[in-house]
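Letters A, B, ... mirror the listed sequences (proteins, then strands); counts begin at 1.
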Protein chains: 2
Amino acid sequence: MATIKDIAREAQVSISTVSFAINGTGPVAPETKKRIMEVIERLNYHPSSSARGLVTRQSGNICLYVPHPKSNIFTFHDNNLINDMLQGIGESIDEKNYNLLLAWEQNEDDDDASKMMSLVHTRAVDGILFFNPTRNYKPIYELIKLKFPFVFMGSFFDNEPIDTVDIDNFEAGYRNTAHLIKLGHRKIGFVSPGPLHYLLADDRFEGYKEALKDNNIRYNDHYFHIGDNRETSGVEALDRFLSLKDPPTAIVAGRDIQAVGIKKRAMACSLIVPGDIAIVSFENSQLAENHDISSIRTDLFSIGREASKLLFKMIGRKKERQTQHIIIPAELVVRGSCGGKQETSVEE
Amino acid sequence: MATIKDIAREAQVSISTVSFAINGTGPVAPETKKRIMEVIERLNYHPSSSARGLVTRQSGNICLYVPHPKSNIFTFHDNNLINDMLQGIGESIDEKNYNLLLAWEQNEDDDDASKMMSLVHTRAVDGILFFNPTRNYKPIYELIKLKFPFVFMGSFFDNEPIDTVDIDNFEAGYRNTAHLIKLGHRKIGFVSPGPLHYLLADDRFEGYKEALKDNNIRYNDHYFHIGDNRETSGVEALDRFLSLKDPPTAIVAGRDIQAVGIKKRAMACSLIVPGDIAIVSFENSQLAENHDISSIRTDLFSIGREASKLLFKMIGRKKERQTQHIIIPAELVVRGSCGGKQETSVEE
DNA sequence: GTGAAAGCGCTAACAA
DNA sequence: TTGTTAGCGCTTTCAC
């Protein structure tokens with residue numbers, strides 16, 4: 001493997017000149033530069049990332065970190081959405097010539113962040129992208145103390161100087177609910193996309209409640225169900241709602257897969273969607289399209305891209321900066337599951 | 001940030017003793033070691049990965065590389081299966097104290113491997129795990145020339161000195177087909193899980209053909225359909241098969257999502273599954289379970305774990321070793337979609 | 001515009 | 001058992 005010395009010798013210059021030529025950090029005569037570049041090409045030289053990292057104190061890596069116990073990595077979203085997010089990150093790391101390190105904790109303990117902290121302390125990464133963190137996720141305070149760059153993706157952390165990029169889940173929950181109210185519904189169920197300590201879940205839920213309040217509808221605890229990432233959680237939710245003496249006429253599903261479960265179950269019970277039961281959801285994944293479900297578009301590509309862009313700004317910067325909360329727009333894609341503008345459609 | 005010098009000074013030893021104590025690479029008196037470890041703990045010292053990497057010529061990272069253009073990362077498998085694979089890799093990298101770098105090409109050109117080669121040349125990674133490569137994927141010859149460690153996951157490369165870890169897709173294709181034949185079927189359709197230049201797809205297809213041959217059934221080109229990762233490709237396949245004057249009575253679906261499409265479509269056409277049309281599939285994802293589809297279990301956890309274990313063996317080794325082809329066992333999980341032992345079941 | 005040289009934080013050969 | 005020291009391959013300051 002060629003080193004900078006080999007290049008210097010072959011090009012008959014000093015190693016500092018080679019370094020200047022490569023990085024543009026010093027003046028180099030055009031002919032000299034040309035000669036150096038030719039030798040670099042010929043010897044297929046690439047600077048060692050370790051050597052460079054040692055002196056620049058930058059690893060050239062950022063970390064995509066999933067602060068969940070092992071069972072949950074990447075299962076919180078549809079496959080294509082994860083792909084979108086990676087593409088978004090990919091776009092900006094390519095621009096910066098950075099690499100992406102993927103990390104998570106094997107331990108089931110929620111606040112164990114040993115893997116992440118080890119990455120930080122060994123300086124294996126220059127910044128961290130947090131994917132879908134939980135509320136009150138404590139390990140970040142250590143990062144704040146170290147002034148280590150990080151950005152939260154996929155949720156909002158209130159009252160803390162933490163940079164975030166996300167859709168506004170509160171607003172989305174509000175919008176979905178308001179949409180159903182505008183269509184005449186007053187009895188509206190809500191299925192959370194997951195446990196409420198996930199910010200994303202809680203925010204959607206809060207938005208739902210706020211919309212009810214603004215429309216003088218009293219929140220009814222029986223209309224609330226905690227779901228998860230399986231279709232059956234939608235089925236269970238509907239079953240529970242239908243067992244009530246006064247069941248809801250519309251449901252805000254926490255995520256598309258739940259909406260699918262709800263819709264299938266409703267149809268199996270000979271209920272008309274949206275006639276008997278209207279459904280709106282979040283994500284707008286392939287599932288929503290396939291099953292004709294109205295859903296709020298979650299643009300994970302933009303979230304990934306903006307989050308990494310923001311992270312790079314922090315990595316470059318030495319002086320303090322204002323924390324930023326970047327909100328990615330998220331519109332409701334109206335389909336047949338909630339009635340209203342479009343006519344109902346049947347599928348399957 | 002504390003350095004090895006700080007530790008040496010505080011513990012009143014030389015830096016080499018500290019290094020010996022940390023790495024176990026030299027003799028250190030028990031009391032000395034204890035003292036050093038206490039100081040390390042107290043100062044929260046972690047060795048710099050760049051500095052260490054520079055001298056050891058190891059980055060401490062392996063790369064999970066998806067040699068596809070951007071649209072395909074991680075969409076070839078069910079989300080939970082991807083998760084399984086990551087967990088498998090995670091288990092062995094944790095053991096080795098390694099990190100996982102995730103990379104893919106942004107470029108649409110199939111044989112562009114610039115990102116990967118850059119990782120190799122800058123020595124940012126010590127080895128590469130290839131996820132689901134295509135047949136005749138040329139960039140690996142460069143790696144072979146460099147004697148750079150890599151392992152193929154998810155497929156088989158014939159006649160080349162390339163280490164692989166996978167289920168035996170040929171055998172799986174054979175087994176699925178033979179299972180249907182044993183149930184009395186002679187007219188069996190095959191839907192490929194993707195384009196045939198994916199080894200995984202081609203191998204399953206070859207297994208299918210071999211099983212036909214061994215049972216004196218002539219291969220019928222009209223019974224073959226190239227599918228993809230969408231449910232609709234199953235629907236299309238069935239529609240095409242049904243339009244034949246002599247349609248198949250059974251179908252080997254290339255992957256679960258196709259099987260679901262086929263089953264739904266069959267039911268929509270008032271066909272009985274498995275009475276009118278029997279279905280077997282590959283993957284055994286959540287989908288197969290939900291839809292009562294017989295499917296060959298693909299143990300991506302083991303694939304991930306064994307592949308990384310193998311990679312670490314190669315990274316450690318200096319001398320030539322025999323290439324290995326590790327086959328992960330994959331049994332057929334029989335459910336209601338193909339008839340036979342279990343009674344049919346209806347779902348949805 | 002170019003070069004000499006120091007030093008980033010570590011490992012490991014060699015000396016003591 | 002411990003210490004001294006020479007690099008690993010690069011960036012960067014400072015002379016020229």
### Query
Rounded to whole angstroms, how far apart are CD1 on A:Ile7 and P on D:dC10?
9 Å
### Query
How are the rings of B:Phe130 and B:Tyr65 set relative to one another: parallel (under 30°), tilted (30 to 60°) or perpendicular (over 60°)?
perpendicular
### Task
Quick one: label B:Thr3 by what it contacts on the DNA or RNA (base, sugar-phosphate, nothing), any heavy atom closer than 4.0 Å.
sugar-phosphate
## Note on the structure
d(B:Ile7 CD1, B:Thr17 OG1) to nearest 0.5 Å is 13.0 Å
### Message
One thing to verify: whether B:Lys145 and B:Glu142 come together as a salt bridge, which I'm taking to mean a side-chain N less than 4.0 angstrom from a carboxylate O.
### Response
yes
### Task
Could you state the atom-to-atom distance from NZ of A:Lys5 to P of C:dA5 in whole Å?
13 Å
### Per B:Ala51 side chain, nearest of listed nucleotides C:dC10, C:dG7, C:dT11
C:dC10
### Query
Does B:Arg305 reach the side chain of B:Ile89, with side-chain heavy atoms less than 4.5 Å apart?
no
### Query
Are A:Met116 and A:Cys63 side-chain neighbours, meaning at least one heavy-atom pair lies under 4.5 Å?
no
### Query
Which nucleotide sits closest to the side chain of A:Arg57: C:dG9, C:dT11, D:dT11?
C:dG9
#### Entry: Short side-chain N/O contact from B:Arg52 to OP1 or OP2 of C:dG9, under 4.0 Å
no
### Degree of bending in the helix from C:dG1-D:dC16 to C:dA16-D:dT1 once both end axes are built from five pairs, to 10°
40°
### Query
Counting just side-chain N and O atoms, does A:Ser48 come under 4.0 Å of either OP1 or OP2 of D:dC10?
no
### Below 4.0 Å: OP1/OP2 of C:dC8 and any side-chain N or O of A:Arg123
no
### Query
In whole Å, what is the span from the CD atom of A:Gln58 to the C1' atom of D:dC10?
14 Å
### Task
For B:Arg9 and C:dC10, give me the distance from atom CZ to atom P, rounded to whole Å.
13 Å
### Message
Rounded to whole Å, how long is the line connecting atom CE of B:Met1 with atom C1' of C:dC10?
### Response
16 Å
## Note on the structure
Whole-Å distance, A:Ile22 CD1 to D:dC10 C1', equals 9 Å
### Task
Output the distance between atom CG (B:Leu129) and atom CD1 (B:Ile62), rounded to the nearest 0.5 Å.
5.0 Å
### Query
Does the gap between the ring centers of A:Tyr98 and A:Phe312 come in under 6.0 Å?
yes
### Query
Please give, in whole Å, the distance from C:dC10 C1' to B:Asp6 CG?
13 Å
### Summary
Residues passing the salt bridge (Lys or Arg N to Asp or Glu O under 4.0 Å) test with A:Glu95, sequence neighbours excluded, are none
### Message
I'd like to know if B:Asp94 pairs up with A:Lys115 as an ion pair, taking the criterion as any Lys NZ or Arg NE/NH1/NH2 lying under 4.0 Å from an Asp or Glu carboxylate oxygen.
### Response
yes
## Note on the structure
In whole angstroms, the gap separating P of C:dC10 from CD1 of B:Ile36 amounts to 14 Å
### Selection from D:dC8, C:dT11, C:dC10 that lies nearest to any side-chain heavy atom of B:Asn23
C:dT11
### Query
Less than 4.5 Å apart, any side-chain heavy atom of A:Leu310 and any of A:Gln324?
yes
Considering only nitrogen or oxygen atoms on both sides, find all protein atoms under 3.5 Å from nucleotides 2-4 of chain D and state each distance.
from, atom 1, to, atom 2, distance (Å)
D:dT2, OP1, B:Thr32, OG1, 2.5
D:dT2, OP2, B:Ala29, N, 2.7
D:dT2, OP2, B:Thr32, OG1, 3.3
D:dG3, OP2, B:Ser14, N, 2.6
D:dG3, OP2, B:Ser14, OG, 3.4
D:dG3, OP2, B:Thr17, OG1, 3.1
D:dG3, N7, B:Ser16, OG, 3.0
D:dT4, O4, B:Ser16, OG, 3.0

